[in-house]
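Numbers restart at 1 for each chain; the letters A, B, ... are given by sequence-line order, proteins then strands.
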Number of protein chains: 2
Amino acid sequence: MKPSSLRRPPASHSARVREKRVRRSREILHAARVAFRERGYHGTTLDDIAARLGVQKTALYHYFPDKETILYTCHWEALEEVEQILGQALQREASSAARLRYVIKEHVRVMTETLEGSPLTFETTALSPTHAAQVIQRRDRYENGVRALIEQGIAQGEFRRVNSKIAAFAIFGAINWIARWYRPEGSLHAEELGSQFADHLTGGLTCQ
Amino acid sequence: MKPSSLRRPPASHSARVREKRVRRSREILHAARVAFRERGYHGTTLDDIAARLGVQKTALYHYFPDKETILYTCHWEALEEVEQILGQALQREASSAARLRYVIKEHVRVMTETLEGSPLTFETTALSPTHAAQVIQRRDRYENGVRALIEQGIAQGEFRRVNSKIAAFAIFGAINWIARWYRPEGSLHAEELGSQFADHLTGGLTCQ
DNA sequence: TCAAAGATTGAACGCAGGGTAAAATTTCGG
DNA sequence: CCGAAATTTTACCCTGCGTTCAATCTTTGA
């Protein structure tokens, strides 16, 4: 389940060293996420990412074989994150409406809190064919999960008889778009954002 | 009101020539929109755009001074398009709910029909400072118009007391995201898309 | 304290891709 | 059908950026 293309640590001895390496990898990925979100993949240079860590770009090659793999890993971890949400929703909530609300709220949280979700908005066209296939497959699995949730809601009479594909796209669009405008320093608070999104995207705007 | 940075036609004589030039400019902009939408601004090369027109990249320089201006013009015309929608909504519809529905439906149409709306999803960070300022100002005007619509709806008791900024972002996100997945050849029809989006983003999913 | 492993750097390479200039071709108006 | 204007092409320049590699600095563990 781990991204196979992380540069393999050459049979290191101590766990401490390995740990440090992992920490550094995370730092790189975080810097990359910030940069990619602001400038896009092609608009971001390895210097950009390295500069955020106060290091030369060549240092990055100790952790990732190339730029594209950094992008891929960002994608992969984001998918890991949101997939968990879906599982939790099914476990913790009973009604379809409550489950969908949970997914939206948590997805928004992942989006705003650590930026972990923003890779979902990166263009998959920049990935290598192999990586793209993996990412798209996994992303589809998540999307299908949410669609299934909507369809259950319809079957049980909780939701109107909508096209679940379109409904899911509307929800993901609203959430993913957050990466384009949300800034932690801004006036909008993540808390409010999550719950209002959940309300709006399930219950709508109009008064009942 | 026209983008001032189109390469100025050298005092041409016939109107016919001028017309042809405009037509060609439009073709270039269309090819650029398609390419930008697929690969992003930085991921698109001038060769890409030119190839779609069966021409060498240098031919483009007869119509636009540089790549960035092509992007800017895409943005500018998209804004022109959606601003009209807002005006029409105020004119044709009476209630806030109906107006908002109209805006969403038409915005979706512009998004799917000619791709005219997709530039709104291009990263403004790639624009030059001057161009970025213009685009952002105009985009804000549109967004504020929609926010005002929502606030009116709240004031008149049609909408719930939401944060209009967040609500507007949710709506724009859902719509703008269309550029990421919609393909004219696909199974989803634009008609259905527009009306379901309008329903979903105003009335929600849950049964009343 | 020291040797080995790990992390980072600096210099350099190669090439993709934006941009320029002048020549070649096509279109237009009379 | 001709000359001028408009358009496109051919050839080229050059910077930016991904990547490689050997050298250097740092950390680790005994």
Between D/dT7 atom P and B/Glu19 atom CD, what is the distance in whole Å? 13 Å
With heavy-atom distances below 4.5 Å as the criterion, would you say the side chains of B/Val162 and A/Asp199 are in contact? no
With no hydrogens and no angle check, do the side chains of B/Tyr41 and B/Glu68 hold a donor and an acceptor under 3.5 Å apart? no
Partners of B/Glu143 by salt bridge (Lys or Arg N to Asp or Glu O under 4.0 Å), sequence neighbours excluded? B/Arg139
Distance check: side-chain N/O of B/Arg21 vs OP1/OP2 of D/dA6, anything under 4.0 Å? no
Net bend of the helix from C/dT1-D/dA30 to C/dG30-D/dC1, end axes of five pairs each, nearest 10 degrees: 30°
Identify the pairs formed between an N or O of the protein and an N or O of nucleotides 24-28 of chain C at a distance under 3.5 Å, and give each distance.
{"unit_1": "C/dT27", "atom_1": "O3'", "unit_2": "B/Lys20", "atom_2": "NZ", "d": "3.3"}

Rounded to whole Å, how long is the line connecting atom CZ of B/Phe64 with atom C1' of C/dG18? 16 Å
Of the candidate nucleotides C/dT8, D/dT7, C/dG19, which contains the atom at the shortest distance from the side chain of B/His62? D/dT7
So the side chain to side chain donor-acceptor pair (under 3.5 Å) pairs with at least one residue in residues 172-185 of chain A (sequence neighbours excluded) are none
Table please: side-chain donor-acceptor pairs of residues 118-126 of chain A below 3.5 Å, with sequence neighbours left out.
{"unit_1": "A/Ser118", "atom_1": "OG", "unit_2": "A/Leu115", "atom_2": "O", "d": "3.0"}
{"unit_1": "A/Thr121", "atom_1": "OG1", "unit_2": "A/Ser118", "atom_2": "O", "d": "2.8"}
{"unit_1": "A/Thr125", "atom_1": "OG1", "unit_2": "B/Glu38", "atom_2": "O", "d": "3.2"}

With a 4.5 Å limit on heavy-atom distance, are the side chains of A/Glu27 and A/Arg52 in contact? no
Do any of residues 46-58 of chain B sit with a heavy atom less than 4.0 Å from DNA chain D, and if so which? B/Val55, B/Gln56, B/Thr58
Please give, in whole Å, the distance from C/dT8 P to A/Glu27 CD? 9 Å
Take atom CZ in B/Arg39; do more than 12 heavy atoms of anything else shown fall under 6.0 Å from it? no
Which nucleotide in the set C/dT20, D/dG18, C/dT8 lies at the smallest distance from any side-chain heavy atom of A/Thr45? D/dG18
Taking all non-hydrogen atoms of both residues, which atom of B/Gln196 and which atom of A/Ala167 are closest, and how far apart? NE2-N, 3.4 Å
Could you state the CG-P distance from B/Leu71 to C/dG18, rounded to the nearest angstrom? 13 Å
Presence of B/Tyr61 side-chain N/O under 4.0 Å of D/dT9 phosphate oxygens OP1/OP2: no
Over 12 non-hydrogen atoms of neighbours within 6.0 angstrom of NZ in A/Lys67: yes
Please tell me if the side chains of B/Leu46 and B/Tyr61 come closer than 4.5 Å, counting only heavy atoms from C-beta onward. yes
From NZ of A/Lys67 across to P of D/dT20 the rounded distance in Å is 14 Å
Tell me whether the OP1 or OP2 atom of D/dT8 has a side-chain N or O from B/Arg24 closer than 4.0 Å. yes
Ring centre gap for A/Tyr142 and A/His107 strictly below 6.0 Å: yes
